[in-house]
> 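Structure below; questions to follow.
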Amino acid sequence: MTTPRYRGRFAPSPTGPLHFGSLVAALASYLEARQHQGQWFIRLEDLDPLREPPEATGQILRSLDSHGLLPDEPVRFQSRRHPAYQAAIEHLIANGDAYRCVCSRKELKLHGGRHPNHCRDGRITPGDRPFAIRFALKDEQSHWQDQLLGRQVQTVTAEVDDPVILRKEGFYAYQLAVVVDDIDQGITDVVRGSDLLDMTAQQQQIYRALGAEPPGWLHIPVILNEQGQKLSKQTHAPPLNDDQPEENLIQALIALGQEPPETLAGGGVESILDWGVRHWRRAAIHLTSR
Ligand code: GLU
């Protein structure tokens with residue numbers, strides 16, 4: 001059997017423009033893919049119109065473009081993939097891997113995460129109550145290997161941790177859509193921020209329930225601001241300045257522990273990316289923030 005060619009991706013949620021932390025994640029996934037002579041894709045995870053300013057998608061794509069981060073296939077939009085998520089949900093329900101849940105967050109909290117309405121038994125008739133659909137996890141101590149962080153052990157508790165895959169408001173949830181699309185796009189390796197590390201064991205169960213093997217995982221440390229908070233929209237991370245892409249890329253390489261020479265500035269973004277691919281050493285990434 002031949003090993004499939006490396007296929008990586010950057011999958012931002014368009015809740016605002018890219019900031020430096022997202023550039024670091026995009027660059028790490030790009031360099032990993034290119035160093036493996038692989039392909040690299042961009043996927044907009046635009047599942048929640050209530051949290052997505054309409055201009056964010058255009059801003060993100062323009063930013064990636066001005067930093068020379070060009071995908072090998074047209075950009076994918078999750079907002080255009082609803083039938084695929086619906087089909088996955090029906091498949092999971094038919095196999096007993098997903099169920100309707102009418103519990104409110106408050107009810108779940110009061111019962112330590114157990115469902116007072118016994119939703120997992122599949123006996124509830126939601127009636128007029130709005131319901132979500134949850135994935136039915138199996139109790140597991142999951143052992144897996146992160147390509148940067150090494151051996152990981154995560155405990156998954158059935159019922160208590162069951163993730164929502166279709167929200168009560170009718171939106172498909174990240175935990176489902178990310179797996180459906182990574183399978184559909186043949187992603188072999190996921191490089192992303194370690195803020196998503198805790199999701200991994202759950203996602204591996206969803207992969208298997210959908211009949212696929214999980215990809216390789218590499219979680220990079222998240223970039224923190226001076227107050228030690230993760231750079232994000234919530235912590236008011238400033239948008240990337242697209243007028244200085246070379247400087248941003250060099251700073252991102254440095255944040256990833258790489259050592260670009262001073263002579264690199266001024267030659268254009270392509271030459272910086274080219275240097276990055278030739279010199280990329282994942283082992284140089286500092287494991288400080290997580
Ligand atoms: N869309 C997710 C985010 O922006 C990332 C998904 C992933 O890389 O698994 O946080």
Side-chain angles (χ1 to χ4, degrees), residues 6-33 38-53 56-57 59-61 63-64 69 71 75-82 84-85 88 135 144 146-149 152 154 163-165 167 171-207 210 212 214-224 229-235 237 239-240 256 285 289-290:
Y6 188 111
R7 289 169 69 90
R9 50 60 163 186
F10 174 58
S13 306
T15 52
L18 287 190
H19 52 73
F20 182 67
S22 21
L23 178 67
V24 169
L27 182 63
S29 67
Y30 178 90
L31 295 177
E32 273 285 321
Q39 292 179 301
W40 184 76
F41 311 108
I42 297 173
R43 184 171 72 226
L44 264 296
E45 301 210 317
D46 50 351
L47 290 170
D48 182 351
L50 305 179
R51 288 182 58 227
E52 295 159 4
T57 290
Q59 288 170 334
I60 290 175
L61 293 176
S63 248
L64 290 168
L69 297 168
V75 174
R76 176 177 286 215
F77 295 87
Q78 289 194 326
S79 54
R80 301 181 192 161
R81 296 268 304 146
H82 292 182
Y85 309 140
F135 180 77
W144 53 276
D146 188 278
Q147 293 168 1
L148 180 66
L149 306 174
Q152 301 293 306
Q154 283 173 347
V164 168
I165 55 177
R167 291 164 48 190
F171 300 143
Y172 296 99
Y174 158 70
Q175 279 292 59
L176 176 80
V178 71
V179 174
V180 169
D181 280 324
D182 281 340
I183 294 173
D184 186 70
Q185 293 186 282
I187 299 301
T188 59
D189 295 82
V190 168
V191 178
R192 60 185 183 185
S194 57
D195 50 324
L196 295 165
L197 188 63
D198 294 342
M199 305 279 183
T200 311
Q202 295 186 13
Q203 288 175 3
Q204 298 197 128
Q205 288 203 19
I206 302 177
Y207 266 89
L210 292 173
W217 307 100
L218 191 162
H219 289 87
I220 59 165
V222 293
I223 303 294
L224 305 178
Q229 303 159 315
K230 180 195 163 206
L231 287 191
S232 70
K233 193 166 166 242
Q234 288 72 30
T235 59
L240 269 184
L256 286 163
I285 302 173
S289 30
R290 171 145 182 163

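Owing to the predicted nature of the structure, the values given are computational and were not obtained by experimental measurement. Just follow the structure's listing: the first ligand is 1, and inside any ligand the first atom is 1.
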> Could you establish whether R9 and ligand 1 come within less than 4.0 Å of each other, counting only heavy atoms on the residue side?
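Within the 4.0 Å threshold, so yes.
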> Within a strict 4.5 Å, meaning less than it, do heavy atoms of the F10 and L18 side chains meet?
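Counting from C-beta outward, F10 and L18 do come under 4.5 Å.
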> So is there a nitrogen or oxygen of A11 less than 3.5 Å from a nitrogen or oxygen in ligand 1?
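It does: an N or O of A11 is found under 3.5 Å from an N or O of ligand 1.
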> Please tell me whether Q204 and W217 have a donor and an acceptor in their side chains that are separated by less than 3.5 angstrom.
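On atom types as modelled, these side chains qualify, holding a pair under 3.5 Å.
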> Using heavy atoms and a threshold below 4.0 Å, how should the contact between D195 and ligand 1 be classified: side chain, backbone, both, or neither?
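It is neither; nothing of D195 touches ligand 1.
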> Hey, are the side chains of D48 and Y174 touching, using non-hydrogen atoms and a 4.5 Å cut-off?
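Counting from C-beta outward, D48 and Y174 never come under 4.5 Å.
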> Number the atoms of ligand 1 from 1 as they appear, then name those within less than 4.0 Å of a heavy atom of S13, with their elements.
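The list of qualifying atoms is 1 (N), 2 (C), 3 (C), 4 (O).
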> Hey, does Y174 sit under 4.0 Å from ligand 1 if you only count heavy atoms?
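Contact check Y174 vs ligand 1: positive.
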> Mind running side-chain hydrogen bond (donor to acceptor under 3.5 Å, both in side chains) on R7 and Q185 for me, showing each step along the way?
CA-CA 8 Å; R7 289 169 69 90; Q185 293 186 282; over 6 Å; no
> Starting from atom 10 (O) of ligand 1, which protein heavy atom do you reach first, and at what distance in Å?
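The protein heavy atom lying closest is L196 CD1, 4.0 Å.
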> Please list, in number order, the atoms of ligand 1 under 4.0 Å from a heavy atom of E45.
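Numbered from 1, ligand 1 contributes 1 (N), 2 (C), 5 (C), 6 (C).
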> For R192, counting its heavy atoms only, list the atoms of ligand 1 lying under 4.0 Å from any of them.
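Once the distances to R192 are compared, the set is 7 (C), 8 (O), 9 (O).
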> Give a yes or no on whether a salt bridge exists between R76 and D184, defined as a side-chain N under 4.0 angstrom from a carboxylate O.
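Salt bridge flag = yes for D184 with R76.
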> Within 45° of the ring axis of F77 and under 6.0 Å from its six-membered ring centre, is that where the NZ or CZ of R80 lies?
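Because its charged atom sits under 6.0 Å from the ring centre and within 45° of the axis, R80 does stack over F77.
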> Between W40 and S29, do the side chains contain an N or O donor and an N or O acceptor separated by less than 3.5 Å?
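Side chains of W40 and S29: pair found under 3.5 Å.
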> Using a strict 4.0 Å cut-off to heavy atoms of V178, name the atoms of ligand 1 that fall inside it.
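Near V178, the atoms of ligand 1 are 9 (O).
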